[in-house]
Amino acid sequence: MELELCINGTIESVQVPVNEPLLTMLRRQGYYSVKQGCETGQCGACTVLVDGVPRPSCVMLAGQAGGCTLTTVEGLGSSRALHPLQEAFMEVGAVQCGFCTPGMLLSAYALLLRNPQPSESEVRDVLSGHLCCCTGYAKPVQAIMRAAAKMRGVQVPALEYHVNAKKTAKTTEKLRAVNVVSKETIRLRAITASAATAILAEPEVQYQVVGKAVQARDALKFVTGKPAFTGDVTPQGMLYGSILTSPHAHAIIRSIDVSQAKALPGVHAILTYNDVPRVAHCIVERFSADSSPADYYCLDSIMRYVGDRVAVVAAETPEVAEQALRLIQVEYDVLPAILDPRRALESSGPPVHPERESRGIVDASHNVAARVRTEVGDVERGFAQADIVVEGQYFVPQVQQAALEKQTVITYFDEDDYLVVRTDSPALQHIRRTISSMLALPMRRIRVVKADSSANANSKRQIMLEDLCALLTQATHRPVKLTYSHVDKFVSGRLRHTHILYLKTGVRRDGTIVANQMALIASTGAYATHPLVSPCSSYFPALSLYPCPNMRYIAEILYTNLPPSGTTHSYSMPQEFFALECHMDEVARQIGMDALEIRRRNWFQAGDTHLWVGGASGEQLPTESCGLPECLRAVAEKLNWREKRRTTLRSVSGGYERFRRGVGLALALESSRATSTSGATIKLNDDGSFDLFTAPCESGFSTILAQVASEVLSVPLEDILLHPMDTSNTLCDTNSHLTPYSALGAVKRAAEQMRRQILTVAARMFDTLPNALRLAAGIITSSSEQITTVAQVAAHALHIEGQHLVITASWKAQQTPASFAAQGVEVEVDTETGSVRVLKVVTAVDGGRFINPLLAEGQIQGGTTQALSASICEELIYDQNGVLLTAGLGNYHIYNALDMAEMQTCLVETEETSVPFGAKVFTTVPQNAIAPAVANAVADALGVRIRQLPLTPERVLHALHSQKK
Amino acid sequence: MIPGSFDYVVAHSVPEAVALLEQHGDEAKILAGGHSLIPLLRFRFASPSVLVDINRIADLEYLREASGTLRIGALTREATLDTSPLITTRYPILRDTSIMVADPVVRNWATVGGNIAHADPANDHPATMLALDASVVATGPSGERVIPIEEFFTDSAFETTLKPNELLTEIRVPSPSERSGGAYFKLERKVGDYAIAGVAAYIALDGKGLVTYAGIGLTNVGPHPIKAHDAGNSLLGKPLDDTAIHQAADLAAAAAQPNSDDRGPAEYKRGMVRTLCVRALRKALERATGGK
């Protein structure tokens with residue numbers, strides 16, 4: 001049918017099939033700001049204004065829009081003329097991955113048209129139709145309030161980040177009065193024992209760009225809805241791939257017949273295990289020194305979970321591809337499935353990995369993928385010497401990161417016949433290596449391109465669709481797009497897996513821990529992708545938060561017939577800290593000590609050396625900085641701990657005792673015994689700008705690297721140019737989850753060398769010594785007041801001296817210093833229903849020096865929100881056949897803007913000299929201590945300990961009733 | 001996934017829509033807000049051969065109160081109930097209900113008629129309409145037919161007594177008598193989710209404070225929207241005191257037929273019906289006696 005539409009003020013005539021959703025039509029017409037999320041009207045990413053009213057375009061047919069006026073973000077404002085809302089989103093850092101941003105902007109725009117002065121709760125209400133996994137909603141709310149004020153002509157205060165705690169208190173009041181957004185950030189200067197002397201010896205350097213709240217470099221393209229995501233391009237002649245998945249949790253394909261499907265017009269290729277090489281590999285990124293199991297086959301005859309790959313098809317249209325899948329005849333021999341890791345060890349049925357080709361599995365016949373056992377001292381003797389031994393068992397279920405973006409990969413052969421893989425994974429080299437062995441194509445013939453943005457990039461450090469998509473392109477010699485829908489990602493995707501943890505702690509009456517043991521069983525799902533399988537990560541358990549002479553850590557990582565575990569945020573640390581920090585409250589209760597006091601007595605301190613933080617050469621280095629005391633103090637103060645923490649129960653409402661409140665707190669650290677090496681290249685252009693090439697990293701982190709280059713080079717930030725990343729222009733990194741440490745060092749080192757080279761050339765220009773020159777803001781001044789610019793130096797070097805200034809440097813991080821956090825919540829429990837409402841959440845993070853406090857705050861808020869959501873309402877539930885019952889956002893619950901509590905964030909700075917600029921990596925530490933803080937707060941409110949996540953109403957009520965009996 | 005193929009027809013009037021239904025019978029589906037139907041089409045849970053779009057029938061969107069009845073046009077959007085002063089002041093139970101539906105973006109287009117006609121036991125309006133003793137108007141080739149809401153739902157989910165050639169055109173709610181009031185309470189896993197359980201209660205009192213009408217409807221605790229008759233009847237002729245309220249709540253819990261699922265075990269849900277029923281009756285009493 002033909003439609004007349006007015007899109008962003010332009011009248012267009014569009015031909016549409018009657019069954020085409022408006023979302024699909026708009027993207028087909030090039031309006032890529034309209035994002036393809038859940039496609040069931042639940043996430044809000046595809047929102048457009050239809051005659052001025054925000055509506056999800058996925059549940060509206062294009063035909064219904066005939067004669068309507070449509071507005072997308074492209075119509076709101078462009079990079080040349082931004083709408084105040086777009087400006088405010090950039091200014092306050094409300095844009096992270098950028099996927100939900102266009103929808104939020106349109107809903108906010110419609111709200112401000114009808115109500116120019118909304119309250120914060122009205123803004124939250126409107127935003128509740130837009131799910132966001134990265135920001136935690138605080139910054140979008142703040143941005144909308146700010147834009148509204150600006151549009152009304154009200155003066156808004158500049159956003160400031162203060163180092164001095166005293167000043168902060170005042171500024172906060174001011175911000176609150178004007179913004180009505182409860183948000184505050186403080187930076188405390190903690191002087192640790194070892195660093196104090198350093199400060200005295202060398203007065204602190206004043207940085208120009210490092211430590212400043214600089215806007216994310218790529219925010220502009222997201223607020224204007226530019227096609228930055230993997231799925232936002234369509235190469236000429238592209239085919240659509242689709243995957244047939246297993247309906248059984250455990251089965252062997254007895255026969256598979258693709259002849260009917262192949263005969264379907266429009267089908268170009270169908271691949272099954274008969275058509276691909278059987279190469280055992282590991283889907284998550286591992287490194288050369290790593291001996292973790294290779295147990296994955298890109299297509300196999302054994303089905304190991306519901307959602308495992310059976311066959312893949314490439315066809316002219318998505319509809320033909322789906323139709324072809326329905327014509328594939330498969331007969332299965334169904335086998336008994338293992339759905340609970342506790343049953344994996346003694347399962348009498350066939351093991352999950354009986355095949356001979358897999359390598360590195362510890363005990364395939366008993367489904368043991370890996371085992372970790374670490375011990376110091378004599379734990380048993382420690383328990384014997386303790387006054388009290390406290391034991392507890394904790395259970396953390398499987399959860400999904402539920403990024404809203406569809407998972408998309410596009411592959412094609414370029415004009416030079418190189419295979420190009422467009423992905424949103426940052427594991428570019430791993431993908432290149434793996435595809436090379438699958439396709440028997442030399443690595444040099446493969447270029448892997450990372451899309452500018454990707455939601456939850458950390459969860460994508462693995463192969464999801466890249467291998468099959470590349471195989472389809474090889475089979476058809478056509479570009480192919482392969483996509484996991486939102487539901488596919490739940491069914492076939494990667495998840496954070498079940499952990500069952502046993503804690504045993506021996507303690508003296510004075511609160512000193514003398515022996516501590518954590519034993520856990522973890523499910524890795526169908527493949528050995530669990531983070532604990534990798535020796536790189538297996539020695540940094542949560543236990544190291546409380547070093548004591550006798551410690552034991554035991555983990556069994558077991559195969560089950562469930563989707564594979566993945567590289568989720570913070571790996572398996574949230575599970576461990578849930579157990580450990582709940583247990584610490586239990587130990588405190590049993591010896592009658594304050595929960596904070598017992599932590600202070602035992603916690604990790606600056607100067608401590610322990611087994612889990614090692615140097616690059618394996619030696620134990622003392623830890624230089626630890627901001628735990630400042631973090632704890634900040635959180636306890638903001639929670640009003642002393643007044644609110646109860647040992648007895650109380651009611652906060654009159655009449656019958658319906659609501660009870662409590663506060664809880666927990667600590668966490670993030671550390672690794674691994675280190676990594678990265679490279680960086682800086683090229684000086686003849687206009688004085690610099691091209692910066694680094695190891696592949698997440699979009700927010702590029703901004704930080706540019707800040708470092710700008711700082712060292714003393715040139716304006718906009719002179720540092722970042723580029724889309726692919727294997728042809730990125731530098732290697734050896735351990736991508738640690739890239740931040742090593743990339744910072746590599747960029748700093750390259751920039752320092754570049755700076756010296758620039759000054760050397762300038763010195764020759766002025767016939768002086770480089771030491772006699774000053775470089776500031778891109779201008780070079782000699783002692784005799786001669787002046788030149790970096791641009792002139794570049795031109796001189798190139799055209800007079802005949803040399804192009806290009807520097808490549810690499811840097812090996814000597815150690816990975818730990819970052820720390822304290823997190824606290826106040827909850828209100830409805831004792832009639834068991835519902836837990838989190839009223840307030842406070843997170844304080846010691847990240848060494850925060851190179852960009854604006855981005856840091858956003859990342860902390862996002863991590864905090866994800867962790868809260870997982871603590872209260874997220875859980876993947878399977879039926880007895882291993883079929884997921886909670887696929888998609890209808891049944892899998894993630895927090896929206898109305899669920900979210902008041903959030904306070906404190907950035908605590910400590911002095912760390914072992915890493916460039918003292919910047920520690922802190923981004924995932926806020927994931928770790930929220931769940932135990934919530935459970936501890938519920939225990940404070942009700943007097944009952946709940947040892948299982950999430951804290952659903954029925955679980956809380958059940959615990960409350962069990963206590964009464 | 002993209003929906004399967006179908007014919008798409010826009011109806012510009014009720015008679016036109018009815019004629020199309022008459023022509024296509026079971027093969028046709030009415031497209032109103034589309035928030036339930038289009039996902040069903042995408043996942044191929046439904047594959048009608050004709051979609052009749054009624055969104056252009058402007059005179060199906062209205063709220064009118066006259067001669068003791070509130071008439072809600074079937075195409076009235078949830079957002080209209082959220083903000084209408086008439087609803088806020090005279091029918092707060094309806095606003096209790098509409099603001100519980102999904103999120104504001106969805107409510108901009110989702111319709112009250114669709115929420116009822118879809119007959120999803122998890123939808124919120126059915127329980128409220130059962131409590132209010134509302135009725136719906138079905139318009140077919142031979143004119144209008146008024147169906148009491150209880151007779152509109154059947155024992156099966158997603159099924160109504162609407163004939164294939166009939167269109168739900170109006171919902172009729174009795175206007176509040178003096179000393180009457182109601183409330184809807186819903187327990188959710190998170191804001192905007194379907195109910196773990198929901199209870200709507202509506203009561204009317206005589207001059208002595210004795211109950212003359214009591215209707216109690218339940219959300220998402222059975223295969224279909226449930227009216228808890230015994231619970232309502234147990235209150236008649238009594239003062240609405242704590243004993244009566246608790247007795248009614250026990251009967252409401254007994255009327256629930258919940259299943260264990262990802263929103264909780266059956267027994268928990270039954271207990272929540274009891275708790276929510278107490279809350280709904282207390283709030284109804286408060287409103288009936290002058291509160292807001």
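Sequence lines set the chain letters: A, B, ... in the order given, protein chains first and strands last, and positions in each chain run from 1.
Between chain A and the residues B:D7, B:L31, B:L37, the largest count of heavy-atom pairs under 4.5 Å involves B:L31. With chain B as the partner, the residue from A:L885, A:D830, A:T47 showing the most heavy-atom pairs under 4.5 Å is A:D830. Comparing A:S242, A:A897, A:G66, A:S869 by how many heavy-atom pairs each has under 4.5 Å with chain B, the most go to A:G66. Chain B forms the most heavy-atom pairs under 4.5 Å with one residue out of A:V18, A:I877, A:L898, A:T833, and that residue is A:T833. Ranked by non-hydrogen atom pairs under 4.5 Å with chain B, the options A:V53, A:T24, A:V59, A:V487 are led by A:V59.
Contact record, B:G4 with B:R44: N-NE, 3.5 Å, taken as the closest heavy-atom pair. When every heavy atom of A:I894 is checked against every heavy atom of A:A402, the shortest pair comes out as CG2-CB, 4.2 Å. The two atoms that bring A:V126 and B:P104 nearest to each other are CA-CG, 4.1 Å, heavy atoms only. Looking at every heavy atom in both residues, B:G33 comes nearest to B:N55 through N-OD1, 4.4 Å.
For a residue to count as touching a neighbouring chain, one of its non-hydrogen atoms must lie under 4.5 Å from one of that chain's; by this rule B:D193 touches chain A with the side chain only. For A:E39, the parts lying near chain B are the backbone and the side chain together; criterion is any non-hydrogen pair under 4.5 Å. With a 4.5 Å cut-off on non-hydrogen atoms, A:L127 does not touch chain B at all. Neither the backbone nor the side chain of B:R77 comes within less than 4.5 Å of any heavy atom of chain A. Of the two parts of A:L957, only the side chain, counted from C-beta on, holds a non-hydrogen atom closer than 4.5 Å to a non-hydrogen atom of chain B. When heavy atoms are compared at a cutoff of 4.5 Å, A:S107 approaches chain B solely by way of its side chain, counted from C-beta outward. If you measure heavy-atom distances from A:T886 to chain B, the contacts under 4.5 Å come from the side chain alone. When heavy atoms are compared at a cutoff of 4.5 Å, B:L41 does not approach chain A at all. Heavy atoms of A:D879 lying under 4.5 Å from chain B are absent altogether. Heavy-atom distances place the side chain of A:E322, and not its backbone, under 4.5 Å from chain B. Both the backbone and the side chain of B:R263 have a heavy atom closer than 4.5 Å to some heavy atom of chain A. In this structure, chain B has no heavy atom under 4.5 Å from any part of A:S485. Both the backbone and the side chain of B:R189 come within contact range of chain A, each with at least one heavy atom under 4.5 Å from a heavy atom of that chain. Only the side chain of A:H130 comes within contact range of chain B, with at least one heavy atom under 4.5 Å from a heavy atom of that chain. Looking at A:V50, there are no atoms closer than 4.5 Å to chain B (heavy atoms on both sides), in backbone or side chain. Only the side chain of A:L131 comes within less than 4.5 Å of a heavy atom of chain B; its backbone N, CA, C and O stay farther away. Looking at A:P318, there are no atoms closer than 4.5 Å to chain B (heavy atoms on both sides), in backbone or side chain.
Side-chain atoms of B:Y184 and B:T219 form a donor-acceptor pair, as typed in the model, at a separation below 3.5 Å. For the residue pair B:D103 and A:S128, no side-chain donor N or O sits within less than 3.5 Å of a side-chain acceptor on the partner. No hydrogens or angles considered: a donor-acceptor pair under 3.5 Å links the side chains of A:S119 and A:E122.
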Quiz item: Would B:D261 and B:K269 satisfy salt bridge (charged side-chain N to carboxylate O under 4.0 Å, His left out), going step by step from the backbone distance to the final call?
Solution: CA-CA 10 Å; B:D261 61 15; B:K269 292 181 181 179; 2.8 Å; yes
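The side chain to side chain donor-acceptor pair (under 3.5 Å) test with A:Y892 singles out one residue from A:H486, A:Q400, A:E874, A:E875, and that residue is A:E874.
When side chains are defined from C-beta on, A:K406 does not count as touching A:K489, because their heavy atoms never get closer than 4.5 Å.
The structure places CG of A:L70 at 7.5 Å from CG of A:D51, a figure rounded to the nearest 0.5 Å. Taking CG of B:L285 as the start and CG of B:L240 as the end, the distance is 5.0 Å to the nearest 0.5 Å.
Other residues, nucleotides and ligands contribute at most 12 non-hydrogen atoms within 6.0 Å of the NZ atom of B:K29.
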